[in-house]
Visitor: 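Here you go, one structure.
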Amino acid sequence: MMSARHFLSLMDCTPEELVSVIRRGTELKDLRDRGVLFEPLKNRVLGMIFEKSSTRTRLSFEAGMIQLGGQAIFLSPRDTQLGRGEPIGDCAIVMSRMLDAVMIRTFGHNTLTEFAANSRVPVINGLSDDLHPCQLLADMQTFLEHRGSIKGKTVAWIGDGNNMCNSYIEAAIQFDFQLRVACPEGYEPNPEFVALAGDRVTIVRDPREAVIGAHLVSTDVWTSMGQEEETAKRLELFAPYQVDRALLDLAAEDVLFMHCLPAHRGEEISLDLLDDPRSVAWDQAENRLHAQKALLEFLVKPAYQPA
Ligand code: CP
Ligand code: NVA
């Protein structure tokens with residue numbers, strides 16, 4: 001009964017599956033642009049548990065399910081029994097008997113693994129303290145659309161070794177690119193992911209060293225959700241890691257800049273960076289919708305048969 005396919009990390013799929021999901025994301029985008037109705041998930045229901053705030057993740061999953069013919073239900077711990085201490089495993093058993101898939105945005109990654117272990121339907125990681133794999137589907141789809149395959153290219157991650165950075169490391173393994181991480185001492189990505197990536201990942205201190213010749217430069221907020229009390233310290237420590245136009249000038253001529261958003265202009269990026277022609281942050285945000293529709297199509301069983 002626990003045989004459902006989950007998406008808690010990029011490592012839950014093979015490299016071939018990941019490439020086919022992001023290619024499918026582009027096809028689904030084209031179908032929608034052409035106004036073609038495509039509803040393989042009619043009558044299917046996705047439950048979405050959000051223990052942290054969200055704009056893009058909630059909207060893209062909710063709109064995506066509706067566009068695929070199904071529905072999505074938003075659940076907040078504030079008004080479910082989850083927030084009053086009902087064991088996560090019990091919630092998983094009950095919810096997965098009513099739903100066709102569950103997306104969870106949470107703090108500790110163990111909440112996701114525990115839920116998945118008790119769920120009979122696919123569980124999707126909508127961001128944990130450790131990983132943000134759905135964002136990487138959108139990022140990889142965006143790179144593919146603008147520049148073709150990322151295989152063998154060089155990517156620079158600038159700033160905090162956070163959940164996004166960890167997912168970039170997994171992407172380096174699965175999509176086969178070189179990743180250079182520039183971060184302050186003590187803010188490195190998870191050493192287990194770094195070890196798994198072997199020589200595909202290098203950690204440096206100087207952002208300039210990381211971006212030289214890079215085909216993609218990406219960054220994220222300096223203070224992630226749940227770290228708010230560290231904000232002042234982080235602002236000071238990360239100041240040398242702001243990405244601006246001059247830093248991008250050191251990268252490859254055809255470099256792309258990505259930011260998973262929300263952005264803090266004047267902190268991790270200069271005031272004007274999202275207006276630079278090298279930035280594809282808006283395409284990247286839109287691709288959350290298309291890439292996740294492809295993921296839902298891949299994970300969720302198709303429509304019911306007529307009675
Ligand atoms: N990038 C991203 O996950 O955005 P939200 O926090 O708005 O969902
Ligand atoms: N690293 C950020 C990503 C937000 C989409 C956070 O966890 O808050």
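What you see is a predicted model, and the numbers here were worked out from it, not measured in a lab.
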Visitor: Is any side-chain N of the basic residue among Arg234 and Asp160 closer than 4.0 Å to the acidic one's carboxylate O?
Guide: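 Yes, Arg234 and Asp160 are salt-bridged.
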Visitor: Strictly by modelled atom types, are Gln135 and Ser167 linked by a side-chain donor-acceptor pair under 3.5 Å?
Guide: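 Absent: no donor and acceptor within the cut-off.
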Visitor: Quiz question: by atom type and distance under 3.5 Å, do the side chains of Glu145 and Asn287 form a donor-acceptor pair?
Guide: yes
Visitor: With a 4.0 Å cut-off, would you call Asp12 and Arg5 a salt bridge?
Guide: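 Salt bridge flag = no for Arg5 with Asp12.
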Visitor: Does a side-chain N-to-carboxylate-O contact under 4.0 Å join Arg24 and Glu297?
Guide: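 Yes, charged N to carboxylate O under 4.0 Å.
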Visitor: Going by atom types only, do Lys293 and Gln67 share a side-chain donor-acceptor pair under 3.5 Å?
Guide: yes
Visitor: Answer yes if the side chains of Gln284 and Thr142 hold a donor-acceptor pair under 3.5 Å, and no otherwise.
Guide: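 Distance-only check fails for Gln284 and Thr142.
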Visitor: Cut-off 3.5 Å, side chains only: do His290 and Glu27 have a donor facing an acceptor?
Guide: no
Visitor: Between Lys29 and Asp283, is there a salt bridge with N-O shorter than 4.0 Å?
Guide: no
Visitor: Pick one: which of Leu299, Val123, Leu296, Leu112 meets side-chain contact (heavy atoms from CB on, under 4.5 Å) with Phe7?
Guide: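 Answer after filtering Leu299, Val123, Leu296, Leu112: Leu299.
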Visitor: Is any NZ, NE, NH1 or NH2 atom of the basic residue among Arg278 and Glu253 found under 4.0 Å from an Asp or Glu carboxylate oxygen of the other?
Guide: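 Not counted as a salt bridge, because no side-chain N and carboxylate O are separated by less than 4.0 Å.
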Visitor: Looking at Asp272 and Arg245, is there a salt bridge between them, counting it only when a charged N and a carboxylate O are closer than 4.0 Å?
Guide: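 Counted as a salt bridge, because a side-chain N and a carboxylate O are separated by less than 4.0 Å.
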Visitor: Between Asn190 and Asp130, does any side-chain donor sit less than 3.5 Å from a side-chain acceptor?
Guide: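 Per modelled atom types, Asn190 and Asp130 side chains form no pair under 3.5 Å.
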Visitor: State whether Lys52 and Asp129 are salt-bridged, where the test is any N-O pair (Lys NZ or Arg NE/NH1/NH2 against Asp/Glu carboxylate O) under 4.0 Å.
Guide: yes
Visitor: So that I can tick it off, tell me whether Glu230 and Lys233 are bridged by a salt bridge, with the cut-off set at under 4.0 angstrom between side-chain N and carboxylate O.
Guide: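 Looking at Lys233 and Glu230, the cut-off is not met.
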